[in-house]
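Working notes, beginning with the structure itself.
We name chains A, B, ... by the order of the sequence lines, and we start the count at 1 in each one.
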There are 2 protein chains.
Amino acid sequence: MKFSTKDRYALRLMVELANRAPDEFVPLKEISEHQDISLKYLEQIMTPLSRAGLVVSGRGSQGGYRLARLPVQYTAGEILRAIEGELVPIPCLENNAADCPRRGECYTLGFWSGLNDAINRYVDSVTLEDLRQQPLGADDYSI
Amino acid sequence: MKFSTKDRYALRLMVELANRAPDEFVPLKEISEHQDISLKYLEQIMTPLSRAGLVVSGRGSQGGYRLARLPVQYTAGEILRAIEGELVPIPCLENNAADCPRRGECYTLGFWSGLNDAINRYVDSVTLEDLRQQPLGADDYSI
DNA sequence: TTTAAACCATAGTATTTTTGTAGGTTTACA
DNA sequence: TGTAAACCTACAAAAATACTATGGTTTAAA
């Protein structure tokens, strides 16, 4: 049960953009150097963020990426979901889950569904603005 | 970000034991048939549960496994941790995590740590007795 | 003493996911 | 028109997952 590096990198990317001027296009090359992530890998991570409309791209020379909205208008959850798709802890909870014959008699589905709620409630309670505000410890995010 | 089948099976195993008489040894062969999990795979899952002291084994004929305590005395969290080890969402939060040079300036570690807390708080709030009580829907586990 | 069970080891394997790399095409600014 | 950037497609190495197979040793109840 681990989040992927793409998930982690995506958050770092978005924080990097959030810490720039709102109208400034930042090229991936620059982020690549700051964050020690290869340009090509960055591309793969930025693409779904762009497709989801979380960032705006400018092509050609002097192009790059910038946020589409204010940092306070993003949740960590929607960033992670742009990369992961649905943020569910087990396959049975996916939207197009194959209908399991045990479903009606499953003793654990409710538990997993509750975990799903707890996770999504948490990640949607943290905004990009929260992340942007200087490095913080764990305590700052405890409920 | 998915829990493994071993995690899911481990919960189902424990529920199965919880639904038997407390002093009854249940052989893996029986659970294997009930849950459609191969005997050999079951062994692999039961071993860490046994080593962690969550179940008691009886060897020889008429042997099998039974719970070591009452269902209400287990949390889902400790069952999952017996299988997974630490239940952390990213490597940086593991106990023996390589010390990251960015740690002091990381904008996202606090977020992940908060998620870690949310997850562990939830899984430790559900007991095996809760799971045992008939199949339940998601709503029964929402906070 | 037969039998059924845990326990132990170890290996193999197929599949999927993760974590990237490589190379080219299109766009738009200066 | 040169240049720097996004954009697109494909490939590939490594790791994790989810098993199966094999074959035994030890234990204890009937």
Residue met sooner reading DNA chain C from 5', once B/Pro27 and B/Arg51 are mapped to nucleotides: B/Pro27

Any residue of residues 11-19 of chain B with a heavy atom less than 4.0 Å from an atom of DNA chain C: none

B/Asp36 CG to D/dA18 P, straight-line distance once rounded to whole Å: 17 Å

Spacing of A/Leu42 atom CG relative to C/dA22 atom P, expressed in whole Å: 15 Å

Non-neighbouring partners of B/Ala82 that pass side-chain contact (heavy atoms from CB on, under 4.5 Å), sequence neighbours left out: B/Leu49, B/Ala52, B/Leu54

Test applied, side chain to side chain donor-acceptor pair (under 3.5 Å); reference residue, B/Thr75; option that passes from B/Thr127, B/Asp124, B/Asn120, B/Asp130: B/Asp124

Interatomic spacing from CD in B/Glu84 to CG in B/Asp7 - rounded to 0.5 Å: 4.0 Å

DNA chain C-proximal residues of residues 76-93 of chain B, any heavy atom under 4.0 Å: none

Spacing between A/Leu28 atom CG and D/dC7 atom C1', to the nearest angstrom: 10 Å

B/Met46 CE - C/dA5 C1' separation (whole Å): 13 Å

Whether A/Tyr122 and B/Phe111 hold their rings parallel, tilted or perpendicular, with breakpoints at 30° and 60°: parallel

Integer-rounded Å distance: D/dA6 C1' and A/Ile45 CD1: 16 Å

Whole-Å distance separating the NZ atom of A/Lys2 from the C1' atom of D/dT17: 14 Å

Protein-nucleotide distance (A/Leu39, atom CG; C/dG20, atom C1'), rounded to Å: 13 Å

Taking every non-hydrogen atom, the tightest pair across A/Tyr107 and B/Arg132: CE2-O, 3.3 Å

Touch class at under 4.0 angstrom, heavy-atom based, for B/Tyr65 against every strand present: sugar-phosphate

Over-ring placement of A/Arg69 relative to A/Tyr74, 6.0 Å and 45° cut-offs: yes

Side chain proximity check, A/Glu24 to A/Arg66, heavy atoms < 4.5 angstrom: no

Donor on one side chain, acceptor on other, B/Asn116 and B/Ser113, under 3.5 Å: no

D/dA5 OP1/OP2 closer than 4.0 Å to side-chain N/O of A/Ser57: no

Any A/Tyr9 side-chain nitrogen or oxygen under 4.0 Å from OP1 or OP2 of C/dT18: no

Hydrophobic cluster identity match, A/Tyr9 and A/Leu39, side-chain contacts under 4.5 Å: yes

Which residues share a salt bridge (Lys or Arg N to Asp or Glu O under 4.0 Å) with A/Lys2, sequence neighbours left out: B/Glu94

Heavy-atom protein contacts under 4.0 Å, nucleotides 20-30 of chain D, coded B base, S sugar-phosphate only, - none: B-BB--BBBB-

Between C1' of D/dA5 and CD of A/Glu30, the distance in whole Å: 12 Å

B/Arg59: partners by side-chain contact (heavy atoms from CB on, under 4.5 Å), with sequence neighbours left out: none

From B/Ser38 atom OG to B/Gln44 atom CD, the distance as rounded to the nearest 0.5 Å: 8.0 Å

